[in-house]
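Everything on this sheet refers to the single structure shown next.
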Amino acid sequence: MASASVLSPLDAATPPGVAAAAPLPDVLPPVKPRKGFIGFLRRNPTMAFGAGLLLLMVLVAIFAPLLGTVDPTALAPAKRTREPSALYWFGTDMLGRDVYSRVLYGARVSLIVGFSVAILSSVVGLTIGMVSGYVRLLDSVIMRVMDGLMSIPPILLAIALMALTRGSVQNVIIAITIAEIPRVSRLVRGVVLSLREQPYVEAAVAAGTRTPAIILRHILPNTLAPITVQATYICAAAMITEAILSFIGAGTPPIIPSWGNIMAEGRALWQVKPYIVFFPAVFLSITVLAVNLLGDGLRDALDPRMAKRL
């Protein structure tokens, strides 16, 4: 008895007298999407690099007492203006204070100011922007006040506010926050103006939903992505502004080791002892660069038009 031939589904579906082409082999291997945390970092290398640098600076600030530092305010006139060496890694200043210890402890001031200003200005500016953008009656009044504040350069506004108070880290945070709030509120207002015309918002209004519920349920979630990216740039700008205020003597008191104070104290010896200014300037530049890279990565990751698919 002859064995019956086994037909493939393709042969069974082909009419008699018609020859079917053989399936073509795969030229390219199948693309596997990257999933998980590692895949997210590979899709966003800029954010990963920036976050790594920023995390390193945060760890340096937290564990400064364990990194071979001494009291950053201890005076030693007999050891002043020592060159960088194995004993004094970053040298000493004109009062004999260890520059390495002052630079590492100064990271605490800059990071505290940067993070605090970013959080406070984002929260206050987000609230003002949502109310101004959605409530038409308050829009003109609130925005005129914000326009008046934005007409003054942030550094000049911060200097004017610091002139009314005594120098401290808390007052520096408040002064820079007030200068940054108008920019956040303008950004949020622009986003809200486009969101309130969306069909789902109009449907919520037609259904009788109250204004606070609409803002919290429909407006607020869609403003978190741009406000998060903006917060990173505010953090970097706040660090630079704090250094400028301390450099000109309008910021933190000289007894507090901050990068601006260290550079201000070393500018008189810049031509003969440049390391006093060089090391805090490098740390400030690296920290600001890390925050800006993190912001660029967040923008690419949160913007659906720029996000990488694979």
Side-chain angles (χ1 to χ4, degrees), residues 111-165 168-205 209-242 244-245 251 288 291-292 294-296 298-299 302-303:
L111 291 175
I112 289 175
V113 170
F115 291 156
S116 300
V117 171
I119 294 173
L120 293 176
S121 61
S122 298
V123 172
V124 178
L126 179 63
T127 304
I128 296 175
M130 287 192 302
V131 173
S132 175
Y134 193 80
V135 183
R136 302 174 188 267
L137 296 177
L138 300 177
D139 186 22
S140 59
V141 177
I142 295 177
M143 282 300 103
R144 298 298 78 76
V145 176
M146 295 297 105
D147 291 341
L149 292 176
M150 288 186 65
S151 64
I152 307 174
I155 184 63
L156 295 182
L157 181 58
I159 292 175
L161 294 174
M162 289 301 300
L164 301 176
T165 60
S168 66
V169 177
Q170 293 80 3
N171 292 334
V172 169
I173 293 175
I174 295 173
I176 302 177
T177 300
I178 295 175
E180 294 293 341
I181 285 176
R183 287 154 183 79
V184 179
S185 61
R186 294 285 297 185
L187 172 66
V188 176
R189 175 183 176 270
V191 175
V192 173
L193 288 178
S194 62
L195 291 175
R196 73 181 184 183
E197 305 297 336
Q198 296 297 320
Y200 58 87
V201 177
E202 296 180 351
V205 174
T209 307
R210 296 182 177 180
T211 299
I214 294 176
I215 293 177
L216 294 178
R217 295 178 184 176
H218 303 290
I219 303 298
L220 178 60
N222 292 283
T223 60
L224 294 181
I227 199 64
T228 301
V229 177
Q230 182 68 14
T232 59
Y233 299 125
I234 292 176
C235 179
M239 293 181 186
I240 296 176
T241 304
E242 183 276 328
I244 294 175
L245 292 176
V288 172
V291 177
N292 286 331
L294 178 60
D296 291 339
L298 286 174
R299 181 196 59 190
L302 298 177
D303 190 348

Is there any side-chain hydrogen bond (donor to acceptor under 3.5 Å, both in side chains) pair reaching into residues 120-129, and which pairs are they, with sequence neighbours excluded? none
Using every non-hydrogen atom in the two residues, find where Ser140 and Arg144 come nearest and quote the distance to one decimal. O-CG, 2.8 Å
Would you name the heavy atoms of Leu220 and Leu216 that are closest together and state the gap between them? CB-O, 3.8 Å
Rounded to the nearest 0.5 Å, what separation is found between the CD1 atom of Ile234 and the CD1 atom of Ile176? 11.5 Å
Leu157 CG to Thr241 OG1 distance, which is reported to the nearest 0.5 Å: 10.5 Å
Ion pair present between Arg136 and Asp139, side-chain N to carboxylate O less than 4.0 angstrom? no
Roughly how far, to the nearest 0.5 Å, is CD1 of Ile119 from SG of Cys235? 8.5 Å
Non-hydrogen atoms of Leu245 and Ala158 that approach each other most closely: CD1-CB, 4.1 Å
Val191 vs Asn222, side-chain contact (heavy atoms from CB on, under 4.5 Å): CA-CA, chis, key distance, verdict: CA-CA 8 Å; Val191 175; Asn222 292 283; 5.6 Å; no
Between Thr177 and Val124, is the side-chain contact (heavy atoms from CB on, under 4.5 Å) condition met? List the steps. CA-CA 9 Å; Thr177 300; Val124 178; 5.6 Å; no
Side chain proximity check, Leu195 to Thr223, heavy atoms < 4.5 angstrom: yes
Do Leu161 and Ile178 touch side chain to side chain, with heavy atoms closer than 4.5 Å? yes
Donor-acceptor contact below 3.5 Å, side chain Ser132 vs main chain Ile128: no
Surrounding CZ of Arg210 (heavy atoms of other residues, nucleotides or ligands, distance under 6.0 Å), is the total greater than 12? no
Which heavy atom of Gly295 sits nearest to which heavy atom of Val229, and what is that distance? O-CG1, 3.8 Å
Are the side chain of Ser116 and the backbone of Val113 linked by a donor-acceptor contact shorter than 3.5 Å? no
Locate the shortest heavy-atom distance separating Val192 from Tyr134; write the atom from each residue and the value. CG1-N, 3.7 Å
Rounded to the nearest 0.5 Å, what's the gap from OG1 on Thr165 to CD on Gln170? Could you check? 10.5 Å
State the CD1-CD1 distance between Ile159 and Ile244, to the nearest 0.5 angstrom. 8.0 Å
Looking at side-chain heavy atoms only, is the closest gap between Met130 and Val135 below 4.5 Å? no
Please assess Arg183 against Met146 for the test side-chain contact (heavy atoms from CB on, under 4.5 Å), listing each intermediate value before the final yes or no. CA-CA 8 Å; Arg183 287 154 183 79; Met146 295 297 105; over 6 Å; no
Rounded to the nearest 0.5 Å, what separates atom OG in Ser185 from atom CD in Glu180? 11.0 Å
Carefully, step by step, assess Thr232 and Asn292 under the rule side-chain contact (heavy atoms from CB on, under 4.5 Å). CA-CA 7 Å; Thr232 59; Asn292 286 331; over 6 Å; no
Least distance between heavy atoms, Ala118 atom then Ala231 atom: CB-O, 3.5 Å
